[in-house]
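Read the structure below first, then the notes.
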2 protein chains.
Amino acid sequence: MKKKPATIKEIAKKLKISPSTVSRALNDHPSIGLVTTMRVKKVAEELNYEPNQTAIFFKQRKTFTIGVILPSLSEPFFSSAISEIENVAGAQNYTVLMGQSHDDAARELQIIQTFKKHRVDGILMSLGKNTEDLSFIDLLEESEIPIVFFDCVPNIDGVNKVYSDLSSGMREAIHAFASIGHQNIALINGPENLLASTERVEAYKKALEANDLAFDDKYVVNTDLTEEGNVDAMEKLLVLSERPSAVVSFNDFVTLDVIKYARQKGLVQKKDIYFISYANYPLWNYMENPPMGSIEQYPDKQARKAAEILFANIGNKEEVKPETVVFESKLVLK
Amino acid sequence: MKKKPATIKEIAKKLKISPSTVSRALNDHPSIGLVTTMRVKKVAEELNYEPNQTAIFFKQRKTFTIGVILPSLSEPFFSSAISEIENVAGAQNYTVLMGQSHDDAARELQIIQTFKKHRVDGILMSLGKNTEDLSFIDLLEESEIPIVFFDCVPNIDGVNKVYSDLSSGMREAIHAFASIGHQNIALINGPENLLASTERVEAYKKALEANDLAFDDKYVVNTDLTEEGNVDAMEKLLVLSERPSAVVSFNDFVTLDVIKYARQKGLVQKKDIYFISYANYPLWNYMENPPMGSIEQYPDKQARKAAEILFANIGNKEEVKPETVVFESKLVLK
DNA sequence: TTGTATGCGTTATCAC
DNA sequence: GTGATAACGCATACAA
C-alpha cells in the first residue's frame, strides 16, 4: 500500500488548471472563483491530498514548532510546566519539540543547535543548575530565534524571563513559624553555587529580619540534593546544642528525605519539629503527616506566561522589548 | 544584527567554485580533492555556515523527528516514559515532538494529523482511555509512518506494541496476601469499559484461583478514577458484612485516596487492612505508612523498548514484522 | 479570475 | 575531481 501523498501538481493536472490556481484555491485566496475553489477542494479530498509541510516550512521559513529545553521531565515541576506549554502551543496550532538537559550545559548547547537546525520558531528554556556560559543567547539572537526563560532564568538583563520570587513565600513561611512561637528557624539550602540557593538564603535573612528574629549562620546548612546530602544536612542541625524547632528546606525532595530522617530519630512532626518546603507537591495532601506547609511556585502559571510571551515575540516581526515577569511564591499550609 | 544564515551558494561564490562541489565537500564526498574540501570547510566556518535542515528535510523526506502521543505528561508514569524516550532518541540524533491527548480521541487524531504534516519519521503512542476508533493506524500505514504503541496498546494484531502484563504482578500480589492469611481480598478496579480494567479483573480471578481462593464478585468494585469515585468504591467495600482485609487497587492515585479514606475511618494499615496497588510511585518510600506493596510496570523499560522497535522500523526500508513485547509486572514490597 | 515563471537550499545525475 | 542542471512541493510576483 505504498501511496505517495498527492501533490498540488497532480490536482492541477487532473483539473487541467495550473498548480498556482490550486495552491491559491486551497488557501482560500480571495481572487479565486468560488466554483474553482470548490472543485479544487473536492479533488483534493478525493486524492487524499495533504500539504507537504516540510516544503512549506522550507519555503516560508517558519515551522510552527517551538522547542522546550528543561533539566528533566521526571521532575514533577517540569512535567507540569511542559504539560501546560503543550496546551498553550496546541491552541495556537504549534507543536512542541522537547529536550532534556539533565543539568548538563554541554547537552543544553547540543539541544539548542538541534533546535536551530530544525528552525524552531522559538524556544522556551529553564536553565540547568550549573549553566554558566550564556553565549548561546547571542547565537539565537543572530538567528532571530526568540527565547523565553522560565523558572531557572539567567541573571542578566535584556532577555525574556518568567520566574517565581522566592522571597514572598519565604517571608510567609518565616512569619508562619514565628507567629506560633518558633525562635530557631533553620534553612536547609541547596548547593552554594546555585542562584536558587543564593536567593533562598537572602530571602531567609530578610524574612528573619522582618520578623525581628536574629540571623545565625549555624542554622543554614547546605545539601548537594542527594539523599545522603539531605540527611547529612539534617544531621548537622539536629546535633546543634540549640537545635532548630522549625526548618525551611530547599524543595520537596529534600523535605521528604529529612522528614523521614527526623522520624527515624524519633522526632514527631508539628510537635518536636516543623517543616516548610518549596514546590508544593500534590502528594502532601495524602500524607498522614505532611509538613506544615509548602511554598507553591506555580510551574503551570510560569510556563503559560512564558509561552504567551514567546508567542507574542514570534508573532511580531518587529523587535519586542524583553519582558520580565515575576510571580510571587505563596505558602500553602497543609 | 539580522544575519541571514549563509548558504552553500554563498560559499561557492566566495570560492568561485560550484555549489555542488561545496555540497560534496561539506559531506566529505570521496571524489572531492582534499585541498578543496579543506578550503570549503574553512570558508564555511568563517561564514558561520549552518545547513538549512528544513531544506534537507524537504529534499530527503526525512525529518529526524519522532512524535510521541500520550494522555498526559502530568502523570508520572508518562513523564518517566517520555523522559526515557527522549534519551533514546537523543542518542540517535533524533528529536522528539510531543502531544498530549488528555484521553480525548479527537485530540489524538488531531495530533496524528499534525505529526503527519510534520512528516515525522515515526510515532510512539500510548492510547487514551476511551479510544475506540483505530482507523488512524491504516492512515499512518499508507503514509508509511511506523508506529509503536506502548503501555495502553490496541487490542488487535499486526501492530507493534510493548506493554506490561498485569497478571504476573497480580499473581504475586494475591499470593503475598494469601500467604499471610488473607481470605477476603478485594479489587478496586477502574472504569469497566477500559481494557486495563478488564485485564485486571481477569488477572485477579486467575490469581485467586491459583491460590485456592474463591472468587466473589462483591469484592470487585469500580471507580471512575475521580477522588469521589475512589472513596465511593472503598466505601462499598467497607460496608460489606464480611469486609475485605486486603485490597488491590487500580493504581497509585486510587490507592492514595482510599488509604486516606480508610485512615479517616479509623482503620490502621497493615493491621486492619492491607493495600497493594499498581504503578509503584517513588513516593511510597517516603511515606510513614505506605501500602504493603505496589506493582511496578516499568514505564522507562517499556518506553525504551518501544523506542528501540520504532528506530528499527525507521532504519529498515523493508517491511519489518510487527513485534509484540510484554514485560512482566512485578510486585515490589514496601 | 487565472496562468507563467521563479525561487526557497540542497543534493543527485549527468556530463566534462 | 569538478561543474551544470534538474528536482523536491509549494507560494507568489508578475502577466494576461
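From a predicted model like this one, the values you see are computed outputs, not experimental measurements. Chain letters run A, B, ... following the sequence lines, proteins first, then strands; residues in each count from 1. All values below come from the heavy atoms of this structure, side chains included, with hydrogens, waters and symmetry mates left out.
Contact check, Asn27(A) against dA11(D): a side-chain N or O comes under 4.0 Å of OP1 or OP2. Side-chain N/O atoms of Thr36(B) include one lying less than 4.0 angstrom from OP1 or OP2 on dT2(D). In this model, the phosphate group of dG3(C) is approached by a side-chain N or O of Thr21(A) to a distance below 4.0 Å at OP1 or OP2.
For Phe77(B), the ring pair (Phe, Tyr, Trp, His ring centres under 6.0 Å) criterion is met by no residue, not counting sequence neighbours. Applying the side-chain contact (heavy atoms from CB on, under 4.5 Å) rule to Leu139(B) yields the partners Gln113(B), Lys116(B); only residues at least two apart in sequence or on another chain are considered. Every residue two or more places apart in sequence or in another chain was checked for a ring pair (Phe, Tyr, Trp, His ring centres under 6.0 Å) with Tyr163(B), and none qualifies. Taking the side-chain contact (heavy atoms from CB on, under 4.5 Å) definition, one finds that Leu97(B) meets it with Thr65(A), Thr95(A), Leu97(A), Thr65(B), Phe115(B), His118(B), Val120(B), sequence neighbours left out. Remark: Ala89(A) engages Ile66(A), Tyr94(A), Val96(A), Phe311(A) in a side-chain contact (heavy atoms from CB on, under 4.5 Å) (not counting sequence neighbours). Under the rule for a salt bridge (Lys or Arg N to Asp or Glu O under 4.0 Å), Lys14(B) has no partner lying at least two apart in sequence or in another chain. Every side-chain contact (heavy atoms from CB on, under 4.5 Å) that Asp300(A) has, sequence neighbours left out, goes to Ser80(A), Glu84(A), Tyr298(A).
For residues 17-37 of chain A, the pairs satisfying salt bridge (Lys or Arg N to Asp or Glu O under 4.0 Å) are Asp28(A)-Lys41(A), with sequence neighbours left out. The salt bridge (Lys or Arg N to Asp or Glu O under 4.0 Å) analysis of residues 90-109 of chain B, with sequence neighbours excluded, yields the pairs Glu86(A)-Arg107(B).
Nearest nucleotide to the side chain of Ile32(A), out of dT2(C), dT2(D), dC10(D): dT2(C).
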Between the protein and nucleotides 12-16 of chain C, list every N/O to N/O distance that falls short of 3.5 Å.
unit_1, atom_1, unit_2, atom_2, d
dT13(C), O4, Arg24(B), NH1, 3.3

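Rounding to whole angstrom units, NZ of residue Lys62(B) and P of dT11(C) are separated by 15 Å. If you take CD of Glu50(B) and C1' of dG9(C), they are 14 Å apart, rounded to a whole angstrom. Atom CG of Leu34(B) is separated from atom P of dT2(D) by 10 Å (rounded to the nearest Å). When rounded to the nearest whole Å, the span between CG of Asn52(A) and P of dA7(D) equals 18 Å. Regarding Arg119(B), its CZ atom lies at a distance of 9 Å from the C1' atom of dG9(D), rounded to whole Å. In this entry the distance linking CG of Leu26(A) with P of dT12(D) reads 13 Å, nearest Å. The nearest whole Å value for the distance from the NZ atom in Lys9(B) to the C1' atom in dG3(D) is 15 Å. Following rounding to the nearest Å, Phe57(B) (CZ) and dC8(C) (C1') show an atom-to-atom distance of 16 Å.
Remark: ring of Phe58(B) not stacked against base of dT10(C); the cut-offs of centroid gap under 5.5 Å and plane tilt under 30° are not jointly satisfied.
Put simply, the side chain of Leu70(B) does not reach to within 4.5 Å of the side chain of Met125(B), judged on heavy atoms. In this structure the side chain of Pro146(A) never reaches within 4.5 angstrom of the side chain of Ile123(A), judged on heavy atoms.
As judged by a 4.0 angstrom heavy-atom cut-off over every strand, Tyr49(A) is placed among residues touching the sugar-phosphate backbone only. Within 4.0 Å (heavy atoms only), Pro19(A) reaches no atom of the nucleic acid at all.
Residues of residues 11-18 of chain A that place a heavy atom closer than 4.0 Å to DNA chain C, in numerical order, are Ile17(A), Ser18(A).
In this structure, the helix from dT1(C)-dA16(D) to dC16(C)-dG1(D) shows an angle of 40° between the axis at its start and the axis at its end, each fitted on 5 base pairs and rounded to 10°.
With 3.5 Å as the limit, one finds a donor-acceptor pair spanning the side chains of Thr21(A) and Ser18(A).
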